[in-house]
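Lettering follows sequence order; numbering is per chain, from 1.
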Amino acid sequence: MTLAAPDDRLTQMNSGNALELRGITKMFGALAAIADVTLTVRPGERRAVLGSNGAGKTTLFNCITGDFPATSGIIRFFGEDVTAFPPYERIRRGLRRTYQISSLFAGLTVMDNVYLACRGVSRNRYSLLRPRSDDALVHAAETLVEAVNLTAVRDQLVGELAYGQQRQLEIALALSGAPRFILFDEPAAGLSPTERRDLVTILTSLPSHIGYIIIEHDMDVALRVVESVTMMHNGRIFKEGLPSEIEDDPEVQELYLGGGHG
Amino acid sequence: MAPARAPDRLWFERIPMAWWIVVAVLLTMPLFANNFWLFQVMGWSFILGTIAVSLTFLAGYGGMVSLLQMSIAGLAGYMVAILGPSGTTSISLGLAWWIVLPAAFLIAAVFATLCGALAVRTEGIYTIMITLAIAAAFFYFTRQNYTIFNGYSGFNLVLPPQLFGVNWRDPAPFYYLCLGCAALCYGAVVYITRSPFGLALQGVRDNPRRMAALGFNVTAHRVAAHALASVFASVGGILLVWQNAQIAPGTIGIPAAIDILVVAVIGGIRRPLGAFVGAFIYVILQVFSPDILGTFGFSAERFKLIIGLGFLAVVLFSPDGVLGLWDRWRARRARRVDPLTGAPR
Amino acid sequence: MDKFAKTNPAWALVIALVVVAFLWLVLAPWPTELEAAIGRKRVFLNALLGGITLGALYFLVASGFTLIFGLLRIVNLAHGSLFLLGGYIGYEVTNYTGSWFLAFPIVFVAVGLVGLAMQRFIFAYMEGEELRQTLVSIGLSVVLADVMLWYWGGQSYTTLAPGFLRGPMELPLISSINTTSGEAIFIRYPSVRIWILIAAIVIGVAMWLVLNRTSLGMLIRAGVDDREMLAASGVRIQLVFLAVFVFGAGLAGMAGVVGGTFQSLSPGEDTRFLLASLVVVIVGGMGSIVGAAIGALVIGIAEQMGLVYAPTYSVVFTFLIMAAVLAFRPQGFLGAGR
Ligand SMILES: Nc1ncnc2c1ncn2[C@@H]1O[C@H](COP(=O)(O)OP(=O)(O)OP(=O)(O)O)[C@@H](O)[C@H]1O
Ligand SMILES: [Mg+2]
């Protein structure tokens, strides 16, 4: 498919891609969790990464954000080589992510969690002055809390939230600041049908310049919110295409959808 | 960011009655307490508490249990003795207080930052090991070095400046000096924990990986916390050298470093108040151990044994210290009175 | 080794040159110019031997510490107290029975039992709570220190080695050449220290062999690498833990007997040896026996050389070594990555 084919002239100038992976490999001991993955995503593009358990999807995210440094390969984010950057440098450049297993601050309140996320990508991270109630970031945090329907529990400790609410908060953290590209790791897992609908609404109503990659086992969610699909298996990409093509592909049916039930 | 609960009550109405009583007692204490109590018991409690609160800040909020805080306090104290006037005129420079004090804070902060940078290269229990090793190295160094630290004997006759014509080592002025410094440090820690820096520090404690994925430089944050904590430790260290009018390697030895940890843990390391409660208990036990131990037929020297056992008991049975015990006791009482009123958060 | 030489030829060359220079310094008689510059060779050799034998003592203390950490993940800050306790008990036993040798098994059992009580009745109840265990061990060290002070007082004790070990012993190392007769003068060194060095090497090698060549060692190493797996495999892991803790404690106690013979015992020696263990394992790498040996040797030699050639700054050397290791290799020479 030509969907993700990079425009060569642009690549040479400032690379018109939001994300560009070249030959990313990640070894855990002797195990190659991902092997030689090459992938490009245009700005504003929304893509699903599908694959069976252990295919290396989460590991791919970890390499992109720098949570685990890739063993080899090059990562470019909006044209800039970020391969050697620590995670926080990549985040400050507009990359965001959610975690498959919620990774929140259980001892802080919902507002504090979101406020931290907003603060992390702004200036004055080391400020010793308490924010005033008309602080712009407090407002931003309030807006985000509202966007994910958590206003009712904004002052509760995160550890006390219901599972679905924690998943919502996970998404709020990824929307903080001015994201340019977001990685969603199975955001719908474990959500109720209503919560799923809310999630789809949030994803589809994101400003169009924000691109994302979503890992999702639920085809209904995944294929409704993306315009392209990448299939992974055993740490490798084996197919890319439009949602409709992937849905009908017999190989995919057998490898992924079939495997999912077994 | 606090929720706008009960807007009809003014801020001072929200402070519980017990606090007002404590404040009133502390402020009027020189009227009814004797000099020994003011200078030795209360003064020392405030000093120990101030040094310990720097550990509370690092450990309770930052998750970094550092045994270096006494060394940092001691370094600040040493700097006051070395840069300012002291009995050891061959070494002391005798500079004016307004140069000495900032320089002492600065040097202690630089030292804390460097040590912090070493300590945060590893995590968890390694921090204790490394800071303990550095503290010990610093202790042995001050003992061996005669050109700067005057070796075994250290410095004596280190007196506070006679600002505003007050002799700050007189019991009542010294009491108020210590009270003021302790209150400032306590207030600062409480205030900072709700500031962006303090919140982020708690985030780093709970989930460093996520903090990095939110754009925070976790390592730099930890080092900055060490630097900030050094300010509180330095305040305590400078007061300590003024109180004793001397400083020597023994002041910063390993037992002293461990005492700070003991104080903070006994009081409750999760809360700034715990440092001061722990310090008060420690000082009371230390000062009155001859009487207390005597009644049980022990020699007065067994103070350390009592402290050690108390520390063990706290770690084993009440990880949030005496304050935690107090909370639980109150919660149980409240439950007995009214089964609908849960423990207040 | 081979791989290292191939990948870093420059470093390998530097290391080789240093080793050759060092061997020359030790083996050859020194020319007068050199002696004029840095002092007598006898002084150098004595400092070196002092460092090596001190390193042997450090190794005896630190190997138990590192073993306990490696398997149980307990940073036992009461390890120094076990050392001092062993030293005191060894002193008493030697005095009562008149036999220095008898002190070792008795101390091993006695201090081992203390370790058994600590692990069985305290640490076992807070498995996995590393910070709490460390705090408890600090509390234990405070209590033990005061109990020992209570019983043995503040004075210092030295345990006497048996007569035939007390004298000096001639080593096949040339100290200097007699200018008139041209005869080589050999270095003389307290024989008890040499024997302790040999004993430490034997114990170290034995530990290494047990760890690397027996099924018990395989179990322990498997535990170091993957505790969950070992626990899941149905091995009675608590028993292995207990055995390792008792062994480590007993070893610290025996080291105390050695320390009491080498130097002296007094309150404060517990912290000194705890710190030595800390620095040794920080430098060598937590949980590694070979690392402890290397670390002990480096720290022992640095300390003694420092004492002889730069007395005011000898601590600084030790500290700088530790700081450098932390800065460039936080896990220590032979420590596994975090
Ligand atoms: N930290 C780690 N250490 C060792 N192996 C790991 C680690 N993280 C992942 N792996 C391995 O890498 C492979 C890929 O794991 P990954 O979590 O990326 O899969 P995934 O596609 O996200 O699967 P799932 O759908 O279950 O989330 C797996 O075999 C896993 O066991
Ligand atoms: Mg996954």
Next on the checklist: So for atom OH, which belongs to Tyr146(B), do other residues, nucleotides or ligands contribute more than 12 heavy atoms lying within a distance under 6.0 Å?
Outcome noted: yes
Checklist entry - Tell me, do Leu274(C) and Leu132(B) make a side-chain contact under 4.5 Å, heavy atoms counted? => result yes
Distance-only donor-acceptor hits, side chain of residues 50-59 of chain C, under 3.5 Å, sequence neighbours excluded:
| from | atom 1 | to | atom 2 | distance (Å) |
| --- | --- | --- | --- | --- |
| Thr53(C) | OG1 | Leu49(C) | O | 2.8 |
| Thr53(C) | OG1 | Gly50(C) | O | 3.1 |
| Thr53(C) | OG1 | Tyr189(C) | OH | 3.3 |
| Tyr58(C) | OH | Glu303(C) | OE1 | 2.7 |
| Tyr58(C) | OH | Glu303(C) | OE2 | 3.2 |

Checklist entry - Step by step, would you call Ile128(B) with Leu77(C) a side chain to side chain contact (heavy atoms under 4.5 Å, CB included)? => result CA-CA 10 Å; Ile128(B) 297 190; Leu77(C) 296 183; 3.9 Å; yes
Next on the checklist: Is it true that, when you exclude Arg270(B) itself, more than 12 heavy atoms of the residues, nucleotides or ligands shown sit nearer than 6.0 Å to its CZ?
Outcome noted: no
Next on the checklist: For the OH atom of Tyr140(B) and the OG1 atom of Thr318(C), what is their distance to the nearest 0.5 Å?
Outcome noted: 10.5 Å
Next on the checklist: Report which part of Ile307(B) has an atom under 4.5 Å of a heavy atom belonging to chain C: side chain, backbone, both, or neither.
Outcome noted: neither
Checklist outcome for this item: Checked Val265(B), Ile130(B), Val65(B), Thr127(B) vs chain C; the most non-hydrogen pairs under 4.5 Å come from Ile130(B)
Checklist entry - Taking atom CZ of Phe69(C) and atom CE of Met129(B), what is their separation to the nearest 0.5 Å? => result 7.0 Å
Checklist entry - Is it the backbone or the side chain of Leu135(C) that comes under 4.5 Å from a heavy atom of chain B, or both, or neither? => result both
Checklist entry - Going by residue number, which parts of residues 252-263 of chain B are within reach of chain C, meaning a heavy-atom gap below 4.5 Å? => result Ile254(B), Ile258(B), Leu261(B)
Next on the checklist: Less than 4.5 Å to any heavy atom of chain C: does that hold for the side chain of Thr147(B), its backbone, both, or neither?
Outcome noted: side chain
Next on the checklist: Between Leu149(C) and Lys304(B), is the side chain to side chain contact (heavy atoms under 4.5 Å, CB included) condition met? List the steps.
Outcome noted: CA-CA 10 Å; Leu149(C) 178 68; Lys304(B) 277 279 172 179; over 6 Å; no
Item to check | Sole residue of Ile138(C), Val142(C), Val143(C) in side chain to side chain contact (heavy atoms under 4.5 Å, CB included) with Phe311(B) | outcome: Ile138(C)
Item to check | Atom pair CD1 (Ile134(B)) and CG (Leu278(C)), whose distance is rounded to the nearest 0.5 Å | outcome: 11.5 Å
Checklist entry - Taking side chain as C-beta onward, heavy atoms only, is Ile122(C) less than 4.5 Å from Leu316(B)? => result yes
Next on the checklist: Heavy-atom pairs under 4.5 Å with chain C: which of Ala119(B), Ala133(B), Cys115(B) has the most?
Outcome noted: Ala133(B)
Item to check | When Leu144(C), Thr271(C), Val136(C) are compared by non-hydrogen pairs under 4.5 Å with chain B, the top option | outcome: Val136(C)
Next on the checklist: Does Arg120(C) have more than 12 heavy atoms from other residues, nucleotides or ligands lying within 6.0 Å of its CZ?
Outcome noted: no
